[in-house]
Amino acid sequence: MAAQQTITVDLGERSYPIVIGRGLLDGGFDLANFIDGTDCLVVSNETVAPLYRERILPNLSGTAVTTIELPDGESHKSLATMQKILDRLVESGANRDVTIVALGGGVVGDITGFAAACYMRGVAFIQIPTTLLAQVDSSVGGKTGVNHPQGKNLIGAFHQPRVVMIDTDTLNTLPDRELKAGLAEVIKYGAICDTGFFAWLEQNLQALLAREPAALQYAIQRSCELKAEVVAGDEREAGRRAILNFGHTFGHAIEHCQGYGEWLHGEAVAAGMVMAAELSGIDGDEQRRLSALLQKAGLPTAAPAIDACNWYEAMGLDKKVQKKQLRFVLLRTLGEAFVTSSFDADKLQSVIDASNR
Ligand code: NAD
Ligand code: GLY
């Protein structure tokens, strides 16, 4: 068994641990230490609850647990679904000292975190992410929210969890396509801030696709370390944190134009990273390394056909937009990202045109 590891997200009084290991479910890690009151609401969905909900109850020993099961899918990441969580809290008479536990992928984590941010102006919550994407990205950093019909994640709040508990064994039941989508975000960290990690991924991708525990544990640990460091330096995305959105301006536009759920988030981000690398104008060899790694992971490296007008409209919804100006995360070189509103507009047009070929 790989050793259990703890990474701290250093945010002063809101600091919290990310605990990563195998066998943390079934009481392998005591969450009661992170719960103030006597009540917990476990939020999961119809896919994950039957697999893991019973198995986290021993981790919550000593607390009175109520549960809610949400419908599965990005299309349910809405205010209407969040309302169901709030209704459940009110019905169960939950007080300010309730702790809400998110058990599932990024959709469950984002909605649950937002419900926790809103209920009684903010209650405690715990993340137990069960997809690779949620383990390396969405459960860490406190971005919570839901989609608006006009755009992704347009409604939300920053609200940090008390603890993130990652049992890597939960990945054993994850469909291959979802595992690959998570790898897109793992590759993102290498591309934006760690060339050594990027090179490690080039060497170890097969082991990750084969779900070798030691490889998964290292990839999750390194991704969380990199994310924790960025978040600790810029919790509310006043500056550097935006680099975590590499490929996302294009990726979110793909998701928006196709309709949420057609391509997975990680798939859209993969194609978006290739487009962003092209817009960056980095060395051709580096662009090829990025595309090759994504391809090896079974991810798309080009966008689906989307009308040019729709591209601009959808990109305009991006939360990085300032003074009506698009801003992109670009690469100076592989392993070094920056955010800018000065980009070559003709080049952007040609990147978009190329995606329609
Ligand atoms: P998801 O939550 O939809 O999960 C993917 C699928 O896998 C779902 O069908 C789910 O039920 C299923 N599943 C989850 N765990 C499983 C398991 N262990 N075994 C079997 N099936 C399992 O998708 P996701 O990729 O985890 O998350 C995507 C969401 O995360 C998007 O809404 C995106 O906007 C959001 N996100 C948020 C942040 C953030 O910082 N908050 C960062 C990145 C992405
Ligand atoms: N996934 C982007 C962020 O957390 O900032």
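Counting starts at 1 for both ligands and their atoms, following the listed order.
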Geometry only, no angles: is [X] polar-contacting ligand 1 at N/O separations under 3.5 Å?
X      : result
His265 : no
Arg241 : no
Ala134 : no
Gly106 : yes
Thr144 : no
Glu185 : no

Go through ligand 1 atom by atom and flag the ones less than 4.0 Å from a non-hydrogen atom of [X].
X      : result
Lys77  : 31 (C), 32 (O), 33 (C), 34 (O), 35 (C)
Asp137 : 42 (C), 43 (C)
Lys152 : 31 (C), 32 (O), 33 (C), 34 (O)
Lys227 : 40 (O)
Tyr52  : 18 (N)
Leu51  : 19 (N), 20 (C)

Flag the pair [X] and [Y] as a salt bridge only when some basic side-chain nitrogen lies within less than 4.0 angstrom of an acidic carboxylate oxygen.
X      : Y      : value
Lys347 : Glu278 : no
Arg211 : Asp176 : yes
Glu225 : Arg222 : yes
Glu235 : Arg241 : no
Asp110 : Lys77  : yes
Glu267 : Lys180 : no
Arg288 : Asp285 : yes
Asp26  : Arg55  : yes

Tell me, which protein residue and heavy-atom name are nearest [atom], and how many Å apart are they?
atom                    : value
atom 3 (O) of ligand 1  : Val107 CG2, 3.4 Å
atom 13 (N) of ligand 1 : Val48 CG2, 3.7 Å
atom 20 (C) of ligand 1 : Thr173 O, 3.1 Å
atom 6 (C) of ligand 1  : Glu178 OE2, 3.4 Å
atom 22 (C) of ligand 1 : Leu174 CD1, 3.7 Å
atom 31 (C) of ligand 1 : Glu74 OE1, 3.2 Å

- Query: Are the aromatic rings of His265 and His248 close, with centres under 6.0 Å apart?
  - Reply: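 Yes, the ring centres sit under 6.0 Å apart.
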If you measure from each non-hydrogen atom of [X] to ligand 1, which part falls under 4.0 Å: side chain, backbone, both or neither?
X      : value
Thr130 : both
His248 : neither
Asn153 : side chain

Proximal candidate to [atom] [heavy atom criterion; set [options]]:
atom                    : options                       : answer
atom 7 (O) of ligand 1  : Leu103, Asp110, Thr131, Asp72 : Thr131
atom 44 (C) of ligand 1 : Leu133, Asn45, Val269         : Leu133
atom 42 (C) of ligand 1 : Pro50, Gly113, Ser138         : Ser138

Min side-chain heavy-atom separation [X]-[Y] under 4.5 Å:
X      : Y      : result
Leu201 : Leu208 : yes
Val274 : Phe250 : no
Gln4   : Leu24  : yes
Leu244 : Ile192 : yes
Ile282 : Leu290 : no
Glu185 : Met273 : no
Phe338 : Leu331 : no

- Is the closest heavy atom of Lys188 to ligand 1 under 4.0 Å?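 In this structure, Lys188 fails to qualify as a contact of ligand 1 - no heavy atom is under 4.0 Å.
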- Going by heavy atoms, is Glu46 under 4.0 Å from ligand 1? no
Between ligand 2 and the protein, tabulate every N or O atom pair separated by less than 3.5 Å, reporting distance only.
from	atom 1	to	atom 2	distance (Å)
ligand 2	1 (N)	Asp137	OD1	3.1
ligand 2	4 (O)	Lys227	NZ	2.5
ligand 2	4 (O)	Arg241	NH2	2.8
ligand 2	5 (O)	Lys143	NZ	2.9
ligand 2	5 (O)	Arg241	NE	2.8
ligand 2	5 (O)	Arg241	NH2	3.3

- Any donor and acceptor pair, going by atom type alone, linking the side chain of Ser15 with main-chain N or O of Gly12 inside 3.5 Å?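 Answer holds: yes.
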- Query: Looking only at heavy atoms, what is the nearest atom pair of Leu133 and Ala181, with distance?
  - Reply: CD1-O, 4.3 Å
- Task: Return yes if a side-chain donor-acceptor contact under 3.5 Å exists between Thr168 and Gln135, otherwise no.
- Result: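 Checked: Thr168/Gln135 side chains show no N/O donor-acceptor pair below 3.5 Å.
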